[in-house]
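Let me begin by presenting the structure, written as structure tokens, before commenting on it.
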Amino acid sequence: APSLAMAAELWCMPQTICRADGSCHATTDEESSLRLADMDAEATTMRAHAETVAMARSMAEGSVTWTGTNASGDAEAVIWTKADRAFTYTKTQKSGDVWKSVGTCEVQ
């Protein structure tokens with residue numbers, strides 16, 4: 001796999017999606033996937049749910065976090081653990097409802 005330093009995009013495919021009511025289900029639907037362009041940059045974009053969201057990157061030992069706000073004002077975040085390529089995505093709606101998905105990412 002390409003190294004993080006050479007990567008332009010991170011493609012994340014959820015394996016489980018949890019709705020705001022707490023119900024979760026497995027998925028293989030690529031329409032649920034997330035794409036982070038220019039993932040090495042401090043400011044990048046995430047393509048998810050037919051929307052492009054500006055994201056800011058922060059790094060901690062062993063993981064990278066991207067955060068942003070979509071056009072509806074909902075907070076979106078992706079946390080990616082480099083060692084196992086696992087990710088957690090959350091969308092916190094203005095109402096307080098939280099949607100979550102977990103899965104793995106590929107560096108492309």
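In this chain, residues are counted from 1 in sequence order. Keep in mind it's a predicted model, so treat the numbers as computed, not measured.
Side-chain contact check for Trp80 versus Val107: some heavy-atom pair is nearer than 4.5 Å. Annotation: side chain of Thr65 is not in contact with side chain of Arg57 (no heavy-atom distance under 4.5 Å). The closest side-chain heavy-atom distance from Met46 to Val78 is below 4.5 Å. Side-chain contact between Asp97 and Arg19: absent, with no pair of heavy atoms (C-beta onward) separated by less than 4.5 Å. No side-chain heavy atom of Val102 sits less than 4.5 Å from a side-chain heavy atom of Gln15.
Listed here is the closest heavy atom pair of Phe87 and Met13: CE2-O, 3.6 Å. For the residue pair Val98 and Thr92, the shortest heavy atom distance occurs at CG2-OG1, 3.9 Å.
No donor-acceptor contact under 3.5 angstrom links the side chains of Asp74 and Gln93, judged on distance only.
Side chain of Asp38 to backbone of Ala41: no donor-acceptor contact under 3.5 angstrom is found.
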Listed pairs under 3.5 Å, donor-acceptor, residues 28-37 side chains, sequence neighbours left out:
from  : atom 1 : to     : atom 2 : distance (Å)
Asp29 : OD1    : Glu31  : N      : 2.9
Ser32 : OG     : Asp29  : O      : 3.3
Ser33 : OG     : Trp11  : NE1    : 3.2
Ser33 : OG     : Glu30  : O      : 2.8
Arg35 : NH1    : Glu9   : OE1    : 2.6
Arg35 : NH1    : Gln108 : OE1    : 2.8

Take Glu51 and Val53 through the test side chain to side chain contact (heavy atoms under 4.5 Å, CB included) and record every step on the way to the result. CA-CA 6 Å; Glu51 183 177 4; Val53 178; 4.1 Å; yes
Evaluate side chain to side chain contact (heavy atoms under 4.5 Å, CB included) for Glu76 paired with Thr90, printing each intermediate quantity in order. CA-CA 6 Å; Glu76 300 196 45; Thr90 56; over 6 Å; no
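Considering OH of Tyr89 and CD1 of Ile79, their distance stands at 12.5 Å, rounded to 0.5 Å. With rounding to the nearest 0.5 Å, the separation of NZ in Lys100 from OG1 in Thr88 is 5.5 Å. If you take CH2 on Trp66 and OG1 on Thr45, they are separated by 11.5 Å, rounding to the nearest 0.5 Å. The line from CZ of Arg85 to CG of Leu10 is 9.5 Å long, rounded to the nearest 0.5 Å. Between Met39 atom CE and Met55 atom CE the span is 12.5 Å, to the nearest 0.5 Å.
For Thr52, the side chain to side chain donor-acceptor pair (under 3.5 Å) partners at least two apart in sequence or on another chain are Arg47.
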